[in-house]
Amino acid sequence: MIVADLHIHSRYSRATARDLTPESLWQAAQLKGLDLLGAGDCTHPAWLAELREKLVETGDGAYQLRPELTSGPASAVPEACRRPVRFLLSGEISCIYKRHGATRKVHLVVILPDFAAAEAVNLRLGRLGNITSDGRPILGLDVRDLVELVLDCSPEAICIPAHIWTPWFSLFGSKSGFDRIEDCFADLTGQIHALETGLSSDPAMNWRLSSLDGYTLVSNSDAHSPANLAREANLLDCPPSFPALAAALADPWEKGFVGTLEFFPDEGKYHLDGHRKCDLRLDPVETRRLNGRCPVCGGPITVGVLSRVEDLADRPLGGGPARRPHFEYLVPLGEVLGEVLQKGPRTKGVLQAQAELTRRLGPELFVLRQASPEDLDRVGGPVLAEAIHRMRTGKVWLEGGYDGEFGVVKLFAPEERKELAGQGRLWRGAEKPRPQPAREKANPAAQAPLPAEPSLPLAGPGPSPGLALNPEQQAAVEASGAPLIVRAGPGSGKTRLLVARAARFLAAGADPARMQLVTFTRKAAGELAQRLADACPTGAAARVGTFHSLGREVLTQALGGPPLVIDEDERLGLVAELAQKAGLKAGELAQHLGLAKQRVEDPGEPWLRPWFRAYQEALAQRQALDLDDLVRQAVRCLRDDPELARTWGQRFQHLLVDEYQDLNPAQVEFLRALAGPQCQLAAIGDPDQAIYGFRGADRRLFAAFGQDFPGARVLSLRDNYRNRAPILALASALMTAEPDPGRPQQIARAGDGPLPLLATLPSPEAEADWVARQVVELLGGVDSRQVEAGADQGHGYAARDIAVLYRLHAQAPLLAEALARAGAPFQVAAREPLAETDPLDFKAQRVSLLSMHAAKGLEFPVVFVTGLEEGLLPYLPPERAPADPAEERRLLYVALTRAGERLYLSRATRRALYGQVRHPGPSPLLADLPPGLWSQEAAPRRARKPRQLGLF
DNA sequence: CTCTCCGCGGTTTTT
DNA sequence: CCGCGGAGAG
C-alpha cells in the first residue's frame, strides 16, 4: 500500500513557506510517510526548471530526487522514516470566468506524465495569461477549455477539480460554482474521473450525491508548507507511478484505489456557515431560518460546505452507494501533541515531542494510524496513547469551521484539559486520565435533512428587446425627405438606430444594393453588418463598408482597375527620403503630409507645398496611392469626370453614416458627391466624443452639416441607457464647461448607482496597487487569502466587466504589474493589433487595460480612469505643442461615459515621465467636476511592499 | 549577416 | 529613463 499526496504548492505560490524546495519536500514526505508526491506548481517556469534540474526519471513513469541531493546534513531523515519518495508533475490552476451569466471561479488540479507535457501546457498557458507570477496561476479561462487545452497537450493528463466544495473557488462552491459537473465541463465531463473533496468535506458527505457515484473521491493536503504535507492523502494499492495512478483514478475498484485519509471535515475552514467578521457561526438549519442574511451586518452569510452538500444531496444522511471506499479521520500529530502537552501545535515542546516520536516510532502517518498503543505509551506516555486512541475511534470534540475560520478538533473535554493542566507531567509517564467519551463522530451532518430549495442560476441580462425604440429614436428612423443628422450621446442607442433605420427602409422595399452604410473601421463595419443581418434575417443585406473601401471602389472604376496602395512602411520610407532632402525630421514631415491629405485641396502652407508635390510625384512614379488617397483621389476623380460623378451621384437611395464627428473635409466632400438628389442621407454622431482632431478629423463639420447638405434636419437622442445617473451627471458636468447650444441634456435611464470615487495616491505604483486592490474586491477576491481578509462578498463582477483606462501607453506596464501581482487576469490592448493570435483563442475573461482613445465605442460595467493629473490630462508633452485642451476634455468625457455602473478615478502626486520626476497637481479638468458629484478616497493606505514571487 | 553600443526621441490611432 | 534604430565591427 502506498500513500499519495497529489496537490501541494511550491515557494512560488502566494502565502507559502519559503523553504518549499524539492529537497525539503523529499525530507518532509519521509517524515510524514508519503510514497508519492505531486510536486505542485508545475505551471511555474522557474519551479519547473528547478524540478527538471533536481529530479530524475525512475524509468517507470515517476521521478525521484537526484541521489546526490539526498545526503546534505539538513536533509537528515531518521532511520525509522526513510523510504523512497516518488514525485509526479502536478499543479493547480485557478480559472476565473463568466459562464451562464455568473462569475465562476474553479480550481483544477492537473497531473502530467512528464516534463515534455508540462512544457507544452505551459507554452499554451503562457499565451493566455501570466503563469510566472504565481505558482498557482490565475487565468481568465473557462475551466472546460482548460481541460481541453491540457488534454490537447497531453492526452493522458489527469484533471481533478480541486476542493470541490469550498465556497469561493470550486466546482460546487456556493459563491461561484455549479450545481452539476456537466454544467461546468460540458462535453468534456467524461474526461473527469476524480474529484478532490477538500478539507471541509469527507467521502461520506459526497456519497449523498448519487451523481458523484462514478467518480473517485481523492483527498490531498493542498499544503503551503512542508509541515502540512499529507494532512489529507490517498491510499493506493498500486506502484507509485503516473500510469498506475491514472489507471487507479479511472478504475478505482480494479486498479487499486483503496481510499483516503481525511481531516475531520468540521475542522475545515468552510464546513459550516457564518460570518467571520461578525463572529457568527451557523449550522445549515439556522442559515435557512435567517434566509441567508447575517443578523449582525445584514450581508449574505457565507454558505459552507455542509449546507451546500445538503442543497445538492439526493440521498439522506448516511446514504451512499453500495460500494464505498475506505476512509479514516486523522488529526495532525502536531495538534494531538499540542493537546497532550497543553501547548500550541507549533511550539517548541510539541516540535521536540514530534521529532522524538518520529525518530523512535516512524513517520507521522504511522504514528497516527498504525503505532500500537503500547509503543505510543512507551514513547509518548498514556495521555498520548489515549489521545490517539480517541482520534482513531472518532471520539472527539468538534467545533465546525466557517467563513475561512478553521474549525477546532479537541481530543479532550474542557474539564479533562483542566485536569491535565494540573498534572504537570503529560509527556511520557503522565497518568492516564479518566476517559470520558465525547460526542462520537458518526457523521458530520447530524442535522435533519433540509427541504431542498432549488438554487437558481443567476440569470444574465436578457437579450435586448428586439428593436424596440423610444419616440426620439423612432422619429430618427422614420425621418425622410431631407438630409438628416442625429446627435446621439453615449449610451443613446446609436448603432441600434442605424440598424433600425436601414431595416425599416429595406422592409419598405428599398433596394439593398442602393443602400450604403459607412463607418470608419472595418471592425465597426463588420459589427454593423452583423447587427443588420440579425435585424432582417430574410432580406438581402445592404452594403456596409468603410470610407476607404468605398473610395477604393470609386477609384477602381475611374482607373479601370484596382489602385495599388503602398503599405505603411513604404510610405514612411518615402517620407524619410524626402525629409532628408528637406532637412526635416521624418516624423514631422509625415505628420504634416498626413494632415494635408485630410483635405482635397493641396496644402496652403507655402513651405509644405513643394514637399507635398514631391511626395505625390513619388507615389505617381510608383503608380501607387497611399491610404488617404483612397478617399481624396476618389473625390478628385469625381470632380474631374462628369460621367463618373453622374454614375456615383445617382447610385444610392440611402446613405447612413456613423461617427460623423470624426469626418475630415475630404470625407464630407466624398459624401456630397455620392449623395445625389434621390439619396436619403442620414448621419449620426456626437461632437462631444470627437477625439481624433490630431489626425485631421474636424468636429466642426458636424455643426456645418446644414451648410454642406442644405435643408438638413437635426435631431437629438436624449435618453441614455448606459450610464448610471451619478456617472452621467459627472460626465455631463464636465462638458458644461464647454458650452454648446446644440447639446441636449441627457436623461439617465439606467437607474441610480454609487458615486464615482476619486483616489489620490502618492505614486504611480501606489495608484496601480490601489486599482488592483479595487479590482480584486470587485471580483470578490481571486485567492483565498483575499477572500478571508474580508474582500467583501464581491459584487458579482467578472474580469471582463472591468476596464482600466489611461492617457499614455506608458502608464500600462505598472498597472499590468500590479494586477499580475494581485492575481487578476488582464489583457493589455496592444497599440497595433497582434498579427497572430492563438488558434485556441478563448473569449477573453480578463480585465482590459487600454488607452482612453482605444476605449471609444466600448462600454464596461466598471471603469477605472487613471492618471488624472496636471500634464497628463490634458497631455502636455515636454518640449512639444500641447494637446488641444478641448479635445482632451472630450477624451475624458469619452472615458467617463464608458462606465455603466461604477466609475473609479485616480491620480498620483508623483509621476516620472521620460525620466523626469514631477509632482503634478490634479488635472485641471477635475476642477470642473462639482464636489457633490463624486467622493474621495480618504487617506489611502500605503501600499505594502509586494513580495517578489517570480524570477521572470 | 549578426551583435553591440550609443544616441536620441518619446501622445492619442485607422484605413 | 529606456527602448529602438542606426552604425560599426566581427
Side-chain angles (χ1 to χ4, degrees), chain A residues 518-526 545-555 562-573 576 579-580 584-588 590-591 594-595 597-598 624-634 658-659 661-664 666-667 670 689-697 764-765 805-814 829-833 849-858 865-867 869 871-895 910-918:
Chain A
V518 193
T519 64
F520 275 83
T521 67
R522 286 191 290 225
K523 186 168 164 244
T546 63
F547 274 102
H548 289 88
S549 67
L550 202 48
R552 185 191 301 268
E553 214 176 321
V554 170
L555 283 169
L564 178 66
V565 179
I566 61 169
D567 65 30
E568 192 58 12
D569 287 347
E570 215 174 337
R571 186 181 79 92
L572 288 174
Q580 207 158 24
L584 289 166
K585 287 182 226 164
E588 208 176 335
Q591 203 199 345
L595 283 176
K597 287 249 164 160
Q598 311 303 306
L625 301 175
D626 66 17
L627 277 163
D628 290 322
D629 277 335
L630 288 178
V631 173
R632 202 180 99 102
Q633 298 292 9
D658 200 7
E659 307 276 22
Q661 77 284 349
D662 287 335
L663 263 65
N664 62 36
Q667 287 160 332
F670 193 37
Q689 295 183 65
I691 55 174
Y692 287 114
F694 69 89
R695 65 176 195 218
E765 291 79 8
L805 309 188
Y806 40 78
R807 179 64 180 83
L808 304 184
H809 287 295
Q811 295 167 253
L814 276 181
R831 238 166 287 205
E832 287 129 279
L849 272 65
L850 64 173
S851 69
M852 296 186 200
H853 283 89
K856 194 178 170 222
L858 306 176
V865 183
T866 63
E869 296 146 31
L872 246 194
L873 196 80
Y875 182 54
L876 303 173
E879 331 230 343
R880 275 165 166 275
D884 171 9
E887 184 154 304
E888 299 280 302
R889 177 186 298 277
R890 294 192 294 271
L891 183 58
L892 179 56
Y893 179 72
V894 166
R910 173 172 66 74
R911 185 169 304 266
L913 205 53
Y914 309 136
Q916 284 180 349
V917 178
R918 298 189 275 180

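Per chain, numbering begins at 1; letters A, B, ... match sequence-line order.
Closest contact between the side chain of A/L808 and the listed nucleotides B/dT11, B/dT15, B/dT13 involves B/dT11. When the nucleotides B/dT15, B/dT12, B/dT11 are ranked by their closest atom to the side chain of A/H853, B/dT12 comes out on top. Of the candidates B/dT15, B/dT12, B/dT13, the closest approach to any side-chain atom of A/R807 belongs to B/dT12.
Residue A/T546 has no polar side-chain atom (N or O) positioned under 4.0 Å from OP1 or OP2 of B/dT14.
Residues passing the ring pair (Phe, Tyr, Trp, His ring centres under 6.0 Å) test with A/Y914, sequence neighbours excluded: none. Residues satisfying the salt bridge (charged side-chain N to carboxylate O under 4.0 Å, His left out) criterion with A/D626, sequence neighbours excluded, are A/K597. With sequence neighbours excluded, the residues satisfying ring pair (Phe, Tyr, Trp, His ring centres under 6.0 Å) with A/H853 are A/Y692, A/F694. A/F547 meets the ring pair (Phe, Tyr, Trp, His ring centres under 6.0 Å) test with A/F520; sequence neighbours excluded. Checked against salt bridge (charged side-chain N to carboxylate O under 4.0 Å, His left out), A/R890 has the following partners two or more places apart in sequence or in another chain: A/E738, A/E887.
As a whole-Å value, the separation of A/L876 CG from B/dT12 P is 15 Å. The separation between A/R552 atom CZ and B/dT15 atom C1' is 9 Å, rounded to whole Å. Separating the CZ atom of A/R910 from the P atom of C/dC1 is a distance of 13 Å, rounded to the nearest angstrom. For A/L564 and B/dT15, the CG to P distance is 19 Å, given to the nearest whole Å. As a whole-Å value, the separation of A/Q591 CD from B/dT12 P is 13 Å. The CG atom of A/D662 sits 13 Å away from the P atom of B/dT13 (whole-angstrom rounding). As a whole-Å value, the separation of A/E659 CD from B/dT13 C1' is 14 Å. Separating the CZ atom of A/F520 from the C1' atom of B/dT12 is a distance of 16 Å, rounded to the nearest angstrom.
With salt bridges taken as basic N to acidic carboxylate O contacts below 4.0 Å, one links A/E659 and A/K856.
Look at the P atom in both B/dT11 and C/dC4: the space between them is 13 Å, to the nearest Å. Across the P atoms, B/dT12 and C/dG3 are found 16 Å apart, a figure rounded to whole Å.
Each of A/L805, A/L849, A/T866 was compared with A/Q811 under the side-chain contact (heavy atoms from CB on, under 4.5 Å) criterion, and only A/T866 meets it. Of the listed residues (A/R918, A/R911, A/R910), just one forms a salt bridge (charged side-chain N to carboxylate O under 4.0 Å, His left out) with A/E869, and that residue is A/R911.
Heavy atoms of A/R522 sit under 4.0 angstrom from primed sugar atoms or phosphate atoms, though from no base atom. Contacts of A/F547 with the nucleic acid, taken as non-hydrogen atoms under 4.0 Å apart, are absent. Contacts of A/A912 with the nucleic acid, taken as non-hydrogen atoms under 4.0 Å apart, are absent.
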Considering only nitrogen or oxygen atoms on both sides, find all protein atoms under 3.5 Å from nucleotides 6-10 of chain B and state each distance.
residue: B/dG10; atom: OP1; partner: A/R880; partner atom: NH2; Å: 3.3
residue: B/dG10; atom: OP2; partner: A/R880; partner atom: NH2; Å: 3.0

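Here A/F694 counts as stacked on B/dT12: its ring centre is under 5.5 angstrom from the base ring centre and the planes meet at under 30°.
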